[in-house]
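Step one of this worksheet: look at the structure below.
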Amino acid sequence: MIAKEARQALALQRFAEANPQLLEEIRELGAHEQAQQIQWAFEDAAQEQGVEPWELALQLIAQSPEELQVMRLEVHREVAEALGMSWEEYCQFNEIDSD
């Protein structure tokens with residue numbers, strides 16, 4: 001499984017590689033501006049798909065449906081912890097099957 005720290009960067013790389021027309025449109029920009037345009041396009045793509053950017057990132061980097069599910073639950077556990085909710089309460093509130 002890919003380290004948490006590297007997930008977003010890898011997802012953006014894969015997104016950019018899957019969108020050569022975007023890369024063509026921004027090729028004249030500086031590196032910072034290119035990265036910004038890729039990030040915005042990525043966020044727009046997530047919105048168009050009706051998912052959060054973190055979910056799209058996981059979809060792009062997961063190597064199997066099982067790995068995707070493990071990473072999703074990992075993110076949800078972190079959110080529950082940050083909110084100070086028990087895992088069971090969080091799952092019930094968000095209609096998540098944790099099994």
message = Test of understanding: with salt bridge (charged side-chain N to carboxylate O under 4.0 Å, His left out), list the residues that count as partners of Arg72, not counting sequence neighbours.
response = Glu55
Let me have the donor-acceptor pairs involving side chains of residues 35-54, under 3.5 Å, with sequence neighbours excluded, atom names and distances please.
from, atom 1, to, atom 2, distance (Å)
Gln39, NE2, Glu43, OE2, 2.8

ask   = side chain to side chain donor-acceptor pair (under 3.5 Å) with Glu66: which residues, sequence neighbours excluded?
value = Ser64
request  = Can you measure from CD1 (Ile61) to CZ (Phe15) and round to the nearest 0.5 angstrom?
outcome  = 15.0 Å
Distance (rounded to the nearest 0.5 Å) between Ile26 CD1 and Gln34 CD = 4.5 Å
query = Honestly curious: do Leu22 and Leu10 fall in one hydrophobic cluster under the side-chain, below-4.5 Å linking rule?
reply = no
task = Not counting sequence neighbours, list each pair that qualifies as a side chain to side chain donor-acceptor pair (under 3.5 Å) and has a residue in residues 16-25.
result = Gln13-Glu17, Asn19-Gln21, Glu24-Arg27
Under 3.5 Å, sequence neighbours excluded: what are the donor-acceptor pairs made by side chains of residues 78-93?
from, atom 1, to, atom 2, distance (Å)
Glu78, OE2, Lys4, NZ, 2.5
Ser86, OG, Glu89, N, 3.0
Tyr90, OH, His76, ND1, 2.8

ask   = In Å and rounded to the nearest 0.5 Å, what is the CG to CG distance from Leu73 to Asp97?
value = 8.5 Å
task = Check whether Val70 and Leu56 end up in the same hydrophobic cluster, where Ile, Leu, Val, Met, Phe, Trp and Tyr are linked by side-chain heavy atoms less than 4.5 Å apart.
result = no
query = With Glu33, which residues qualify under side chain to side chain donor-acceptor pair (under 3.5 Å), at least two apart?
reply = none
